Amino acid sequence: MGDIADLLMPKLGLTMTEGTVARWLVSPGQRFSAGDIIVVIETDKIANDVEAPAPGVMADLLSPEGDVVSVGAPIARWRLEGVSAAGRLATEAASAPKKGDLPKAARPPDASPVSLRRLEERIIATPYARRLAREAGIDLKFVGGSGPRGRIKAADVLDAKGGQVSSRQLTPIAPAVERATQTAPACSALSFVSADADVTALRALDNRLAGASGRTFERLTYVVLACTRALAGDGEEPVRIGFDMGGSLVAIECSPRDTLSAMATRIAQAQRGGDAGDLAIFIVEGKTRLLVPTVPQGWRMALGVGGVRAARGGAVSHEMTLAVSYDSSALDHASAARLLDDMIALLEEPLHLLAI
Amino acid sequence: MSEVRFGQAINRALADAMAADDSVVVFGEDIAAPGGPFGVTRGLLDRFGPDRVRDTPISEAAIVGAAVGAAMSGLKPVVEIMFMDFVTLSMDALVNQAAKARFMFGGQYALPMVVRLPHGGGINAGPQHSQCLEAWLAHVPGLKVVCPATVADAYALTRAAIADPDPVIVVENKSLYAVKGELPEPPPSASIGKADVARPGRDATIATYGAMRAVALDAAGLLAKDGIEAEVIDLRSLQPWDEAAVLASLARTHRLVIVHEAVEAFGVGAEIAARMADIGFDELDGPIVRVGAPFMPVPFAKELEAHYRPDASRIVEAVRRTLA
């Protein structure tokens, strides 16, 4: 049994700063197994079950039900087996349990919890990038780094500068969307849901494919395939997906039974500038951390794919942020969140993408 | 405008300085009748006579010691140490006498002396005849250190060194002696401490000097094929070095690679990197990367020495690293 550690208020979304302890499902002294739901945390948007990342025993509940607690603040004390400082797990358990990811090395019991450190992690950015960000009033927290170890470079800040969140537009709009919006005004009831996808396994898979067959795939290929399968659900109906290619709107019809190679071929052979038709979703890729595309009227939703970055505090894991924006008068939040969840599940377990 | 070799340009500079000023004298080992180990002083004995062009005994301490005395008593000696490696034997005269005289005697003595030091080269001359020790000398207050890379600078910087009222070290890369280049007529002049933009570029700055200028230009050519425009700065002078020029270039490119043939550790590159990390901090958009020789004596074997000296591929790699 490990040391007593804090269970911290997890950060369940990029904009979350505090959460409500809605319901405790364990009481002090109670044992639990890995995967047991420990507590329900509510934010403005959604209620989340926080699962135990490892078996253990609850020591003390610090926040009673109904308490509003800042992200990163302790809400309970617990002991987890084989883990000496479990704070880090609280954060990750909430978004996606990563069972192979438990820190094995014992940390000194008085060390500050890892999740706190993660939240306050120093942002790695070049001095010039910092200067540009300062001058442009950009918060580097929202800029994805494309350099080694996720380092934010000047180019990343300049990219982000084009896409600063403002009242006029939410993101760097792909030129194709801009053109589309000239005839179709952006929908008025834009809403979005975003989450981080751990792409460590995806990158490893791509490397293995490179080693085995000498073939690698663009990130877009993986994303389009995951998106197609998520949209198709259990069905086999083809899905029409649009994306921006060098400033032109490209629309392709994708089948959930496509292989990676087939999808790569579809994308490569896609005709530019053709009729967009009735798109299920429009995909915009970028280097910024959080990219929320606008949704032109008549379109259902858009997917913003943020830049891949080294996970804060982790030397070998990488993540990227996906955002589904949608016309909230046409689509409900739960559907958008489910789509995002399904996509992330596929991207985080990319072997599913290889199976037909 | 005529095409001459690097060594011939130095010879011309020595001859022109001696013709212009009777107080300029030249001495060193084998420099008179034999014309110097690399032929740089060829013909000077015949033209200016044995009083002004002298062979010395094999004693570097005596050569530089005599130069200090001559400079203090009104001559402008230009002495040659056959290989820079042997400057070790003359360090007391150079570091404790030449570099200190103006300061210690309240400015009553100027020491207008020049020490020519052939360094480096990749000419398969072994660990004791191939070193690049310029950082030692650039570290000593009171010495100036220049290192020409082109035929025009071989002339101009040698003349500038002779004209300077203080001790100046002219570091000459042995691999350059036979290189041909244009020497304009009349030959150009230069100021000690001014760098040159050898090739303009917007993506990264490569600061270098001496024989590595040509290697850096090769690297810039290779990078250009991939659309990366590297700016090559030829420092020309190491002490003082043109901080303003390097900073101005860094402010354009935001990335800096420093290249020299000398061992990387504790070298000229370390000084430039440290200064730029200080005064150029807000300009940096990538790590400052150095390219130099590994921390080991210069190997004798040709194949090993070829690996030892920085080449274009290592510079390309360094530029790519700072651009990553």
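We use all heavy atoms of the structure for the numbers below, so side chains are in, but hydrogens, waters and symmetry mates are not. Throughout, protein chains are lettered first and strands after them, A, B, ... in sequence-line order, and every chain is numbered starting at 1. Values in this document were obtained by computation on a predicted structure and should not be read as measured data.
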**OP:** Return the option, out of A:Ala155, A:Gly147, A:Pro148, A:Ala129, with the maximum number of heavy-atom pairs under 4.5 Å with chain B.
**Re:** A:Pro148

Within a reach of under 6.0 Å around [atom1] of [X], are more than 12 heavy atoms found that belong to other residues, nucleotides or ligands?
{"X": "A:Arg208", "atom1": "CZ", "result": "no"}
{"X": "B:Lys194", "atom1": "NZ", "result": "no"}
{"X": "B:Arg199", "atom1": "CZ", "result": "yes"}
{"X": "A:Glu218", "atom1": "CD", "result": "no"}

[atom1] of [X] to [atom2] of [Y]: how many Å apart, nearest 0.5 Å?
{"X": "A:Thr126", "Y": "B:Asp285", "atom1": "OG1", "atom2": "CG", "value": "3.5 Å"}
{"X": "A:Arg130", "Y": "B:Leu284", "atom1": "CZ", "atom2": "CG", "value": "13.0 Å"}
{"X": "A:Tyr128", "Y": "B:Glu283", "atom1": "OH", "atom2": "CD", "value": "7.0 Å"}

Subject >> Closest approach of A:Arg151 to B:Pro287 (non-hydrogen atoms, all atoms of both residues) >> reply: NH1-CD, 3.5 Å

Subject >> Within-4.5 Å side-chain heavy-atom neighbours: B:His254 and A:Pro127 >> reply: no

Original post:
Heavy-atom distance under 4.5 Å to chain B: side chain of A:Ala125, backbone, both or neither?
Top reply: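 For A:Ala125, no heavy atom lies under 4.5 Å from chain B.
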
